[in-house]
Amino acid sequence: MAILTQMATDIKQTLVENGTALIPKLRELSFEIDRNSAIPDEVVQDLQSNGLLKVLRPEIFGGHQTNMRTYTEVVTEISRGNGSAGWFVSLSNIRDYMISYAFGQQALDEIFGPGEDVILAGNFKPIKCEIEKAEGGYFIKEAQWPFVSGSPHADWFYFGFPVADENGGMEMAIMVLPRHEVTVLDDWNVMGLKGSGSNSVRVENVFLPEHRVSLDRLARQGEYMIEPLKHVPLYQTPFVPSLTLSIVAPALGLAQAALDLHMERVGKAGIGNTFYNKMSEAPITHLQVAQAQLKIDSAELHLYRAVDMLDDYSVRGKQLTMEEGIRMKADFGYVNQLCKEAIDLMTEGAGSVFSYNNNLFQLVYRDFLSMHLHGFITPNSLIETYGRVMCGQEPNTYFV
């Protein structure tokens, strides 16, 4: 057991260090990523060669099969280098976890079997969906999903879609499709996270075999999980909090990047219309940077309290209660809020140079704001739901 624990520690340390080592290159390429709305192929190759796109992949499929703490620390380091790359790493890895959770042997063998560095992309909620039951599976006449992050680089895609349930109603199912059966649209024209490749994806006139479909409610219960993964702690990690974590995971790294860049300027630039030749001499700067650092520290404490609880419960085989899951999601919402407050404090001291598009701090701000606005991690909603449960009310969301 001690040897296995040491090996896990060594793998974690190596992966996090690999992420840290890429920060200078990612910052150097940030304007290119923003300008071209794409992560360069060389960056994707760097991420793959350093093992950073298979942090949550099962060992039997060539992955590192680590835990949510390692995953979060890796995403933080990559996000500290570039927000789009951090988002790509966060979403690509969580899909390995999701697919391993939700599909059986035949589908997993098709996806991971060749032993290549497969990249997954997807989204759950379609904006158009014409799918019919057919012999041996389903026929997709026409369907489309937005915000499919990482789609330009993906080899396989997962999508949610509605199916008829046993009671004449509807429930959600999940499918997986290979790249040659989908069309990635060029519609990701946004202000931030430009390189995340969160394009829409369209599917037309495709047959979907039954083994590449799972019902969402059963997937959440581990119904489809293959035998070799059933006792691996990672794949016992609660489903909903893990998906929420994947959206907020880049926040801490982006806030740390903003502070890195701001502190570089604090020692060199003055404050306009004052006698301060250096911002570092001014009491207002002292207050701003100290408060920003404390907010980032507080965000880190909330983030890792939740992440470590996920890992601890998974190792011990303990189930989160509804109240614990709601509090965990509130932690994630509060992380999002604290990082925004920290970045806003720094922006107050950024000066008019913030307006220039060649200002890397401004790029970090835009990347953060695009992440901050995601509906999964809206601070007010997640924190309100926590307060409702504290007051004995039912949660005002189905996603618990």
### Parallel, tilted or perpendicular: ring planes of Trp145 versus Phe159, cut at 30 and 60 degrees
parallel
### Message
Less than 6.0 angstrom separating the ring centers of Tyr97 and Tyr101, yes or no?
### Response
yes
### Query
What pairs meet the salt bridge (charged side-chain N to carboxylate O under 4.0 Å, His left out) rule with one or both residues in residues 86-103, with sequence neighbours excluded?
Arg57-Asp96
### Query
Ignoring hydrogens and geometry, is there a side-chain-to-backbone donor-acceptor pair from Ser214 to Ala102 under 3.5 Å?
yes
### Task
Could you tell me whether Lys141 and Glu132 have a side-chain N and a carboxylate O separated by less than 4.0 Å?
no
#### Entry: Any pair counted as side-chain hydrogen bond (donor to acceptor under 3.5 Å, both in side chains), so long as it reaches residues 156-165, sequence neighbours left out
none
### Query
Does Arg265 reach the main-chain N or O of Ala350 with its side chain, forming a donor-acceptor pair under 3.5 Å?
yes
### Query
Do other residues, nucleotides or ligands put more than 12 heavy atoms under 6.0 Å from Asn205 CG?
yes
### Query
Where do Glu384 and Asn380 land on the side chain to side chain donor-acceptor pair (under 3.5 Å) test, with the steps shown first?
CA-CA 6 Å; Glu384 178 207 349; Asn380 288 343; over 6 Å; no
### Message
For Asp260 and Gln256: C-alpha separation, side-chain torsions, deciding distance, then whether side chain to side chain donor-acceptor pair (under 3.5 Å) applies.
### Response
CA-CA 6 Å; Asp260 291 342; Gln256 290 172 336; over 6 Å; no
### Task
Spell out, as yes or no, whether a donor-acceptor pair under 3.5 Å connects the side chain of Ser90 to the backbone of Ser246.
yes
### Query
Do Val43 and Phe31 sit in the same hydrophobic cluster, where Ile, Leu, Val, Met, Phe, Trp and Tyr count as joined when their side-chain heavy atoms come under 4.5 Å apart?
yes
### Message
More than 12 heavy atoms of other residues, nucleotides or ligands under 6.0 Å from CG of Asn396: yes or no?
### Response
yes
#### Entry: Selection residues 317-337 - residue pairs positive for side-chain hydrogen bond (donor to acceptor under 3.5 Å, both in side chains), sequence neighbours left out
His302-Asp331, Arg305-Asp331, Tyr313-Lys318, Tyr313-Glu324, Thr321-Glu324, Asn336-His372, Gln337-Glu341
### Query
Any sub-3.5 Å donor-acceptor pair from Asn36's side-chain atoms to Ala38's backbone N or O?
no
### Message
Has Asn82 got a side-chain atom pairing as donor or acceptor with Ser84's backbone, closer than 3.5 angstrom?
### Response
yes
### Task
Check whether any side-chain N or O of Arg179 sits under 3.5 Å from a backbone N or O of Phe157 as a donor-acceptor pair, and report yes or no.
no
### Task
Step through the shown structure and confirm whether more than 12 heavy atoms of other residues, nucleotides or ligands are within 6.0 Å of CZ on Phe147.
no
### Query
Just by distance, do the side chain of Asn123 and the backbone of Val148 share a donor-acceptor pair under 3.5 Å?
no
### Message
In this structure, is the centre-to-centre distance between the rings of Phe354 and Tyr365 below 6.0 Å?
### Response
yes
### Query
Which other residues end up in the same hydrophobic cluster as Val353, if Ile, Leu, Val, Met, Phe, Trp and Tyr are linked when side-chain heavy atoms come under 4.5 Å apart?
Tyr356
#### Entry: Within 6.0 Å of NZ in Lys133, more than 12 heavy atoms from elsewhere
yes
### Task
Carefully, step by step, assess Ser149 and Trp87 under the rule side chain to side chain donor-acceptor pair (under 3.5 Å).
CA-CA 8 Å; Ser149 299; Trp87 185 266; 2.9 Å; yes
#### Entry: Main-chain N/O of Thr66 paired with His64 side-chain donor or acceptor, under 3.5 Å
no
### Message
Are Met225 and Val315 linked, directly or through intermediate hydrophobic residues, by side-chain heavy-atom contacts shorter than 4.5 Å (ILVMFWY only)?
### Response
no
### Task
Work out which heavy atom in Val118 is nearest to a heavy atom in Ile111; give both atom names and the distance.
CG2-O, 3.3 Å
### Query
Would a distance-only check, ignoring hydrogens and angles, find a side-chain to backbone donor-acceptor pair under 3.5 Å from Gln144 to Ile127?
no
### Query
Is any side-chain N of the basic residue among Glu223 and Arg217 closer than 4.0 Å to the acidic one's carboxylate O?
no
### Message
Treating Asn93 as the side-chain partner and Val55 as the backbone partner, does any N or O pair qualify as donor plus acceptor under 3.5 Å?
### Response
yes
### Message
If you count every heavy atom of other residues, nucleotides or ligands that lies below 6.0 Å from Met390 atom CE, does the total exceed 12?
### Response
no
### Task
Check step by step if ring-ring contact (aromatic ring centres under 6.0 Å, His included) holds for His211 and Phe103.
CA-CA 8 Å; His211 72 272; Phe103 286 91; 9.2 Å; no
### Query
Are any of the side-chain nitrogens in Lys194 or Asp367 under 4.0 Å away from the carboxylate oxygens of its partner?
no
### Message
In this structure, would Leu360 and Ile23 fall into the same cluster of hydrophobic residues linked by side-chain contacts under 4.5 Å?
### Response
no
### Task
Could you pull out all residues at least two apart from Tyr71 that satisfy ring-ring contact (aromatic ring centres under 6.0 Å, His included)?
none
Throw together a table of side-chain donor-acceptor distances under 3.5 angstrom for residues 268-284, partners on residues two or more places apart or in other chains.
{"residue": "Thr274", "atom": "OG1", "partner": "Ile271", "partner atom": "O", "Å": "2.7"}
{"residue": "Thr274", "atom": "OG1", "partner": "Tyr276", "partner atom": "N", "Å": "3.1"}

